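Values below: all heavy atoms of this structure, side chains included; hydrogens, waters and symmetry mates excluded. What you see is a predicted model, and the numbers here were worked out from it, not measured in a lab.
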2 protein chains.
Amino acid sequence: MATINDVAERAGVSVTTVSRVLNNRGYISEKMRQRVYRAMEELNYQPNEIARSLLRKQSNLIGLIIPNVAHPFFGEFASSVEYYAYQNGCKLLLCNSQLDPVKERDYIEMMRRHRVDGIIMGSHTLEVEEYRNLNYPIVTLDRKIDDLPYVASDNERGGELAAQLLISKGCRKIAHICGNLKLEMLSNRRTIGFERVARQHNVEFMTIQTNMDVFDQQEYDRIISRLMAEFPDIDGVFATSDIIAAFVIKWCRKFGKQVPGQIRIVGYDDVNAATWINPGITTIRQPIREMGRLAVELIRRQMDGETIEKEHLLPVELVERETT
Amino acid sequence: MATINDVAERAGVSVTTVSRVLNNRGYISEKMRQRVYRAMEELNYQPNEIARSLLRKQSNLIGLIIPNVAHPFFGEFASSVEYYAYQNGCKLLLCNSQLDPVKERDYIEMMRRHRVDGIIMGSHTLEVEEYRNLNYPIVTLDRKIDDLPYVASDNERGGELAAQLLISKGCRKIAHICGNLKLEMLSNRRTIGFERVARQHNVEFMTIQTNMDVFDQQEYDRIISRLMAEFPDIDGVFATSDIIAAFVIKWCRKFGKQVPGQIRIVGYDDVNAATWINPGITTIRQPIREMGRLAVELIRRQMDGETIEKEHLLPVELVERETT
DNA sequence: ATTGACATGTCAAACGTTTGACATATATAA
DNA sequence: TTATATATGTCAAACGTTTGACATGTCAAT
């Protein structure tokens, strides 16, 4: 592949001149500019970004670690991050941790070796200690670690909205399916909001924990089928993701329960799938696009040395469809 | 961030020695090895992969260009590519072209500038000419461009299987919803296979083109609702993706048509969503995981200078669920 | 005639690493 | 004793680019 020297030679000028053209600095006549551009084209030259990065000490790479892009929520989040990274002249390094601490640690090291400009952490399987010592521009998704900046939706409010809707529709016995509450994720606050409102209204409820992030379909099937079998009289479900909600719908169908006639369901996230699942899922909308945008912005501002606020709670919104 | 010089200084040895430890070459005593490792740990040292890349002329980066990771098929494909890239000691650079030729061209240039080791192209909006001149390790997904290597599922066979199933279930008037046939995608062969079998059995059919890749939900709604309104007597649908199939189900519901009672539906891909949509979608399974694995392997083998076969057609499989 | 903006050139250091050539020393085996 | 394997060191080039210091022009305006 052609180098800047080849271009200089071909254009019959010095490398300095080529560099000046490339970086728009110093005086360059229009003729010269054209001459250099022509040479670059003839050689199909692309400046070596690796050499540039080495010198600039900036890679223009943003690292994203998530459990798995194949999960709709993370897929849409990654899509947004990628979009805004591009807008900021950055490229996206994608890592699926599979929620495996070994892999996650390994990925973080890789990213440091590659000198990515910042890391967006949507997977958090390590000890707080390890993140603390990272000393790197970081943004966390849905998790509060010391005073690392994070972006999250207003989970507690989301839980409240879900509970309020179900109760207002007349539900008297509601199952809430959430993630593993032992992991210190902010999404646990959905449970707090939900339970508070349920208690306020004296509505019976039960909270069922899954390892939701793993996105293990069999696990979902197991948990939900057991739930339906053991408690045939529940008339409402608040699931912590739209995908779980979809599984609930599926099992309602198998158990011959009408949705929303006999049982009402509220999901969370408002991923695209929520609209094309049948029936359309009533859900708590997280502003996924905006969360991605903000995450990138926060990385960028840290790179620029700005001091940034740590808390970034984005508003949620109830989107009513056909399951309530 | 610490450099190899800092490590050498701290360990009281020469950089050459540190480098030898790092790369396992030459003679190194166990004591020395430990001493160097300790210094690296104390300094929280990570070798600068950028400097290494510059020297080695190898970035250990694989570029992936797809329309959008948020689309389930591409999300699952990306997930697989990421997994196998990691297995091969590579990192994944993710780009969503949004099927925008300008963006796609820009991304390809970016990747060349970053000297990625190879590019997996799942988006092809440019003229053949541009790909031809790329002169780079490339693998194409579902598209044949000159003699660039490609991986694809056995689309024609998939179309046949779908048609055979629908017909064997008694369908007499089948709608086939496919992508834009003008784009020279291998997925068009699904249409060929489907139409041939339909003709053989003298079954009436109609082929409806969409710009499927765009994943525009409104477009889907528009096309499918019109289809259902104009041809209320169709009793079978072969959709070129599971997502489109989901939209068909949705509109069947709105039109009060029973699935599979009055109308049978077959999708394509077998993305995860196919199992959790209601009813579960009967579909033609592409081995997505394997396609990702193969794509990475083909990049790696090109890097190693091997000559590789160009055609990689992977078998499809009928997965029957509840829509037929 | 002088000044200053414009245009290009030469040269070399720097970014962090690897690698080869070569030197030197110790310990062990033949 | 000699040869050989082991262990470490010094030195410098190379990867491709940017950048600053400095030199040397031309040309037009004062």
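- Between A/N23 atom CG and D/dT17 atom P there is a gap of 11 Å when expressed in whole angstrom units.
- Under a cut-off of 6.0 angstrom, the local environment of CD in B/Q58 is crowded, with over 12 non-hydrogen atoms contributed by other residues, nucleotides or ligands.
- The pair A/R10-A/D6 fails the salt-bridge criterion, with no side-chain N (NZ, NE, NH1 or NH2) lying under 4.0 Å from an Asp/Glu carboxylate O.
- Across the protein-nucleic acid pair, A/R113 atom CZ and C/dT17 atom P stand 12 Å apart, rounded to whole Å.
- Atoms CG (A/D6) and P (D/dT17) sit 9 Å apart, rounded to a whole Å.
- Atom-to-atom, CZ of A/R115 to C1' of C/dG16 comes out at 9 Å; the value is rounded to the nearest Å.
- Applying the 6.0 Å contact sphere to CD of A/E9 captures no more than 12 heavy atoms from other residues, nucleotides or ligands.
- Contacts between residues 38-62 of chain B and DNA chain D, defined by a heavy-atom separation below 4.0 Å, involve B/L54, B/L55, B/K57, listed by number.
- With salt bridges taken as basic N to acidic carboxylate O contacts below 4.0 Å, none links B/R38 and B/E41.
- With sequence neighbours excluded, the residues satisfying side-chain contact (heavy atoms from CB on, under 4.5 Å) with A/E184 are A/R143.
- Over its length, the helix from C/dA1-D/dT30 to C/dA30-D/dT1 turns its helix axis by 40°, as judged from the five terminal pairs at each end, rounded to 10°.
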task = Determine, step by step, whether A/N44 and B/R112 satisfy the side-chain hydrogen bond (donor to acceptor under 3.5 Å, both in side chains) criterion, reporting the C-alpha distance in whole Å, the side-chain angles of both residues, the deciding distance to 0.1 Å, and the verdict.
result = CA-CA 10 Å; A/N44 201 357; B/R112 294 187 63 218; 3.0 Å; yes

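- Residues passing the salt bridge (Lys or Arg N to Asp or Glu O under 4.0 Å) test with B/R25, sequence neighbours excluded: none.
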Test log, rule salt bridge (charged side-chain N to carboxylate O under 4.0 Å, His left out), inputs B/K310 and B/D147 = CA-CA 6 Å; B/K310 303 305 176 190; B/D147 54 351; 5.4 Å; no

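- Distance A/E9 CD to D/dT17 P: 14 Å, rounded to the nearest Å.
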task = Show your working on salt bridge (charged side-chain N to carboxylate O under 4.0 Å, His left out) between A/E290 and A/R293 and close with a plain yes or no.
result = CA-CA 5 Å; A/E290 174 64 10; A/R293 193 195 63 69; 2.9 Å; yes

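- With sequence neighbours excluded, the residues forming a side-chain hydrogen bond (donor to acceptor under 3.5 Å, both in side chains) with B/S79 are A/N68, listed by chain and number.
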task = Would you give a per-nucleotide map of nucleotides 7-13 of chain C, 5' to 3', where B means the base has a protein non-hydrogen atom under 4.0 Å away, S means only the sugar-phosphate does, and - means neither?
result = BBBBB--

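- Within the structure, a side-chain polar atom (N or O) of A/S19 is placed less than 4.0 Å from OP1 or OP2 of D/dT18.
- The environment of CD in B/E127 is sparse: at most 12 heavy-atom neighbours from other residues, nucleotides or ligands sit within 6.0 Å.
- Note: CZ (B/R25) to C1' (C/dT18) measures 8 Å, nearest angstrom.
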